[in-house]
*Asks:* 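Just passing along the structure, written as structure tokens.
Values below: all heavy atoms of this structure, side chains included; hydrogens, waters and symmetry mates excluded.
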Amino acid sequence: AWGGARPPRPVPAPPACREPGHPPPEPCGAVTASDLRDSGVPWLRPRGNMEFAELIKTPRVDNVVLHRPFYPAVEGTLCLTGHHLILSSRQDNTEELWLLHSNIDAIDKRFVGPLGTIIIKCKDFRIIQLDIPGMEECLNIASSIETLSTLDSITLMYPFFYRPMFEVMEDGWHSFLPEQEFELYSSATSEWRLSYVNKEFAVCPSYPPIVIVPKSIDDEALRKVAAFRHGGRFPVLSYYHKKNGMVIMRSGQPLTGTNGRRCKEDEKLINATLRAGKRGYIIDTRSLNVAQQARAKGGGFEQEAHYPQWRRIHKSIERYHILQESLIKLVEACNDQTHNMDRWLGRLEASNWLTHIKEILTTACLAAQCIDREGASILIHGTEGTDSTLQVTSLAQIILEPRSRTIRGFEALIEREWLQAGHPFQQRCAQSAYCNSKQKWESPVFLLFLDCVWQILRQFPCSFEFNENFLIMLFEHAYASQFGTFLGNNESERCKLKLQQKTMSLWSWVNRPGELSKFTNPLFEANNLVIWPSVAPQSLQLWEGIFLRWNRSSKYLDEAYEEMVNIIEYNKELQAKCSRPVKDMINLFREYLLD
């Protein structure tokens with residue numbers, strides 16, 4: 001029905017720039033620092049932090065014109081608060097603009113006579129234009145935006161000020177605890193245990209306080225292994241395959257160095273995951289050359305002589321600035337509306353984005369194949385074990401485990417394999433594709449993972465309970481959010497920030513029935529089988545829902561999607577009506593036989 005390409009995208013037309021979960025905003029009026037402090041609107045009040053008042057040079061400008069793709073120009077009043085840029089218009093049927101400062105990646109300024117123009121480039125790739133009368137007002141607004149969008153202190157970010165206007169039905173901070181995940185495995189195996197060796201984050205600052213390890217390995221051995229692994233990231237359980245008892249473990253690289261240092265406790269730990277007579281695989285997400293170079297810096301890889309039951313496989317996955325440059329090139333290509341077909345295809349290829357997708361998916365499929373078809377356990381690591389390692393472990397679980405393809409199962413996967421596993425969201429998502437002042441640590445690692453999930457979802461449109469909107473929502477909140485879920489770089493930092501006590505969890509909002517309906521895939525039919533995505537170049541496509549949604553209207557796709565949903569609902573009603581007579585006939589036949 002879709003020409004073999006993909007199902008209709010459940011992506012709405014570009015929404016108003018209001019964060020999910022907000023009530024309709026009040027008209028701005030004349031906003032001053034005292035107004036904000038005394039406001040009856042709880043999400044505007046700075047709660048005593050006067051730092052914002054000092055940073056806002058001009059809190060309000062009238063007669064500002066907003067330009068957005070696919071929307072008519074809107075004239076209104078522009079207001080700056082400590083966390084939002086707001087444009088309110090008195091025109092009928094005009095949605096207001098509410099934009100988090102933390103969503104702003106870069107701004108450009110230009111002037112034509114007394115009129116100033118600010119081009120705002122957002123982390124979610126949208127670009128909006130504000131025409132502001134008066135050069136001084138324009139410069140003041142631009143200066144304030146630049147300052148407020150680059151605050152260094154995490155505790156000044158919006159999640160610490162946001163107060164939900166919805167009924168909290170579930171505490172998302174306690175929805176996916178390690179103990180709960182362990183219970184799912186404990187019914188199938190008794191070979192693993194919960195370890196509290198990292199309770200005070202003393203052994204590994206990027207690990208959670210509770211980890212799952214082989215029952216035969218005591219905590220003292222874990223401490224020795226941690227000293228042998230990069231960042232203290234000793235091998236821990238990532239996934240247990242109930243079908244055959246094979247496991248995925250993850251860790252940091254071993255610190256073998258140029259002298260070939262070894263750790264018998266490390267060897268014992270990973271050998272404890274093997275069955276009698278079985279071999280295992282170590283998947284190193286670096287090329288052999290990079291892994292060998294790491295030895296000169298004190299890192300390295302597992303030597304065959306010390307790990308004879310393990311076969312090492314190197315699968316190169318790029319990281320850091322290479323991925324960031326790839327994203328920048330891709331977004332530039334998508335925003336360039338002037339080139340012809342050859343130029344577009346050339347720029348798309350030159351970005352290497354789909355090549356990175358292919359590399360990650362290929363490695364994930366390899367890991368899944370080792371588990372399900374080879375019947376072999378695997379250990380996955382790169383250098384730190386916080387980026388490409390997590391991409392592979394989480395994607396392998398989506399391939400192998402039907403639960404990971406449900407909404408709550410996927411949320412649990414994000415918690416376990418990304419947040420609790422120590423992916424440094426604060427560093428990786430600090431900037432997006434537009435910012436000129438690139439630091440060393442920015443990298444779209446999580447976006448690449450979501451893109452890989454979308455590729456699998458597109459190939460298996462009936463096997464996922466969630467839809468494309470769910471993935472887009474996670475991307476947006478990873479970069480800018482009113483929730484505290486993606487703040488910090490690891491559990492240790494989140495504990496010090498007291499996020500559970502001071503901020504709201506994203507899952508508390510997402511898992512409300514009214515919101516879940518927006519993220520539910522109407523085509524979903526539970527599939528308990530392993531799914532094997534194609535990684536052939538012809539099978540991989542540009543994720544239009546992310547990279548082209550601000551560049552072209554999705555009106556007709558939205559209409560097609562709505563029609564599809566209506567047809568599915570109507571089909572369900574017909575099936576229900578047809579099933580009643582059949583049940584009645586069966587009951588009559590039973591009565592006849594009994595008589």
Side-chain angles (χ1 to χ4, degrees), residues 173 176-182 185-186 191-240 247-257 261-273 282 284-285 294 297-302 306-307 377-390 393-394 415-427 441 487-500:
W173 291 115
F176 307 105
L177 300 176
E179 298 92 332
Q180 297 169 348
E181 294 298 307
F182 180 68
Y185 299 137
S186 59
E191 298 174 349
W192 299 83
R193 70 179 180 91
L194 288 173
S195 171
Y196 300 83
V197 67
N198 199 43
K199 187 175 181 179
E200 302 296 331
F201 304 104
V203 175
C204 177
S206 62
Y207 269 176
I210 306 172
V211 293
I212 305 175
V213 297
K215 183 177 285 187
S216 60
I217 306 299
D218 60 32
D219 284 353
E220 185 56 37
L222 293 178
R223 293 186 181 92
K224 294 180 180 179
V225 177
F228 180 69
R229 291 278 172 175
H230 187 105
R233 295 178 66 89
F234 55 90
V236 298
L237 180 68
S238 173
Y239 171 70
Y240 179 88
V247 300
I248 298 176
M249 298 189 76
R250 50 176 162 75
S251 70
Q253 66 174 337
L255 304 179
T256 56
R261 179 187 171 206
R262 66 183 294 190
C263 175
K264 292 186 178 180
E265 288 81 5
D266 185 83
E267 298 161 19
K268 181 181 178 181
L269 191 160
I270 68 170
N271 284 334
T273 66
I282 298 173
D284 193 324
T285 60
K297 301 178 182 178
F301 49 86
E302 294 81 1
H306 303 151
Y307 300 85
S377 292
I378 56 176
L379 169 66
I380 302 175
H381 69 73
T383 302
E384 294 93 349
T386 58
D387 292 297
S388 57
T389 297
L390 306 184
T393 59
S394 48
E415 277 284 342
R416 185 178 65 251
E417 292 299 301
W418 289 88
L419 293 162
Q420 296 171 10
H423 177 66
F425 279 98
Q426 199 72 41
Q427 292 179 343
W441 305 112
L487 291 182
N489 292 307
N490 49 58
E491 289 293 279
S492 175
E493 289 188 12
R494 297 185 188 101
C495 184
K496 293 175 182 176
L497 291 168
K498 298 182 179 179
L499 294 184
Q500 293 189 19

*Asks:* Which heavy atom of Leu222 sits nearest to which heavy atom of Ser195, and what is that distance?
*Replies:*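 Taking Leu222 first and Ser195 second, the nearest heavy atoms are CD1-OG, 3.5 Å.
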*Asks:* What is the minimum heavy-atom distance between Pro214 and Ala272, and which atoms define it?
*Replies:* CB-CB, 3.9 Å
*Asks:* Between atom CD of Gln180 and atom CZ of Arg416, what is the distance when rounded to the nearest 0.5 Å?
*Replies:* 12.0 Å
*Asks:* Distance alone, cut at 3.5 Å: any donor-acceptor contact between the side chains of Asn490 and Tyr207?
*Replies:*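 There is no such pair between these side chains.
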*Asks:* Mind checking the CG-CD spacing from Asp284 to Glu302? Nearest 0.5 Å is all I need.
*Replies:* 7.0 Å
*Asks:* Can you list the steps and then say if Asn271 with Tyr307 is a side chain to side chain donor-acceptor pair (under 3.5 Å)?
*Replies:* CA-CA 8 Å; Asn271 284 334; Tyr307 300 85; over 6 Å; no
*Asks:* Indicate yes or no: at least one non-hydrogen side-chain atom of Ser388 is less than 4.5 angstrom from one of Ile380.
*Replies:* no
*Asks:* Taking atom CD as the centre, does Glu179 end up with more than 12 heavy-atom neighbours from other residues, nucleotides or ligands that are less than 6.0 angstrom away?
*Replies:* yes
*Asks:* Can you name the closest pair of heavy atoms from Pro424 and Asp387 and give their distance?
*Replies:*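 Answer, listing the atom of Pro424 first, then Asp387: CD-OD1, 4.4 Å.
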*Asks:* What is the minimum heavy-atom distance between Leu390 and Gly385, and which atoms define it?
*Replies:* CD2-O, 3.8 Å
*Asks:* Side chain to side chain contact (heavy atoms under 4.5 Å, CB included) for Arg262 and Thr256? Distances and angles first, verdict last.
*Replies:* CA-CA 6 Å; Arg262 66 183 294 190; Thr256 56; over 6 Å; no
*Asks:* Taking the side chain as everything from C-beta on, heavy atoms only, tell me whether Ser377 gets closer than 4.5 Å to Ile248.
*Replies:* no
*Asks:* Looking only at heavy atoms, what is the nearest atom pair of Ala226 and Val203, with distance?
*Replies:*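 The pair with the smallest heavy-atom distance is CB-CG1, 3.4 Å.
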*Asks:* Residues two or more places apart in sequence or in another chain: which of them pass salt bridge (charged side-chain N to carboxylate O under 4.0 Å, His left out) with Glu220?
*Replies:* Arg223
*Asks:* Under the side chain to side chain contact (heavy atoms under 4.5 Å, CB included) criterion, do Tyr196 and Leu194 qualify, and how do the steps go?
*Replies:* CA-CA 7 Å; Tyr196 300 83; Leu194 288 173; 4.0 Å; yes
*Asks:* In the structure I gave you, are the side-chain heavy atoms of Glu267 and His306 within less than 4.5 Å of one another anywhere?
*Replies:* yes
*Asks:* Using a strict threshold of under 4.0 Å (side-chain N to carboxylate O), is an ion pair present between Arg233 and Glu384?
*Replies:* no
*Asks:* Does this structure show an ion pair linking Arg494 with Glu491, if we count only N-O contacts that are shorter than 4.0 Å?
*Replies:* yes
*Asks:* For His423, is there any backbone N or O sitting under 3.5 Å from a side-chain donor or acceptor partner on Thr386?
*Replies:*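 No: the side chain of Thr386 does not pair with the backbone of His423.
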*Asks:* To the nearest 0.5 Å, how far apart are OG in Ser186 and CD in Glu181?
*Replies:* 11.0 Å
*Asks:* If I take atom CD from residue Glu191 and atom CG from residue Leu237, how far apart are they, to the nearest 0.5 angstrom?
*Replies:* 11.0 Å
*Asks:* Would you check if Gln253 and Phe301 make a side-chain contact, meaning some heavy-atom pair closer than 4.5 Å?
*Replies:*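 A side-chain contact under 4.5 Å is absent here.
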*Asks:* Using a 4.5 Å cut-off on heavy atoms from C-beta on, say whether the side chain of His381 contacts that of Arg250.
*Replies:* no
*Asks:* Would you mind reporting whether Lys268 and Lys224 have side-chain heavy atoms less than 4.5 Å apart?
*Replies:*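 Side chain of Lys224 against side chain of Lys268, heavy atoms only: no contact under 4.5 Å found.
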*Asks:* Of Val211, Thr273, Ile217, Leu269, which meets side-chain contact (heavy atoms from CB on, under 4.5 Å) against Pro235?
*Replies:*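 Filter result, single survivor: Leu269.
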*Asks:* Evaluate the side chain to side chain contact (heavy atoms under 4.5 Å, CB included) criterion for residues Trp192 and Tyr185: first the C-alpha distance (whole Å), next the side-chain angles of each, then the deciding distance (0.1 Å), finally the verdict.
*Replies:* CA-CA 9 Å; Trp192 299 83; Tyr185 299 137; over 6 Å; no
*Asks:* For a ring pair (Phe, Tyr, Trp, His ring centres under 6.0 Å) check, start with the C-alpha distance between Phe228 and Phe234, then their side-chain angles and the critical distance, and finish with the verdict.
*Replies:* CA-CA 8 Å; Phe228 180 69; Phe234 55 90; over 10 Å; no
*Asks:* For the residue pair Glu417 / Thr393, report whether a side-chain donor-acceptor contact shorter than 3.5 Å exists.
*Replies:*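 Note: Thr393 and Glu417 side chains meet the donor-acceptor criterion.
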*Asks:* Side chains of Tyr240 and Ile212, heavy atoms from C-beta outward: is any pair under 4.5 Å?
*Replies:*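 With C-beta onward as the side chain, the pair stays apart.
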*Asks:* With a 4.5 Å heavy-atom cut-off, do Phe425 and Leu419 have their side chains touching?
*Replies:* yes
*Asks:* For Leu379 and Arg229, which heavy atoms make the closest approach, and how far apart are they?
*Replies:* CD2-NH2, 4.1 Å
*Asks:* One thing to verify: whether Asp219 and Arg193 come together as a salt bridge, which I'm taking to mean a side-chain N less than 4.0 angstrom from a carboxylate O.
*Replies:*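 Salt bridge between Arg193 and Asp219, a charged N being under 4.0 Å from a carboxylate O: yes.
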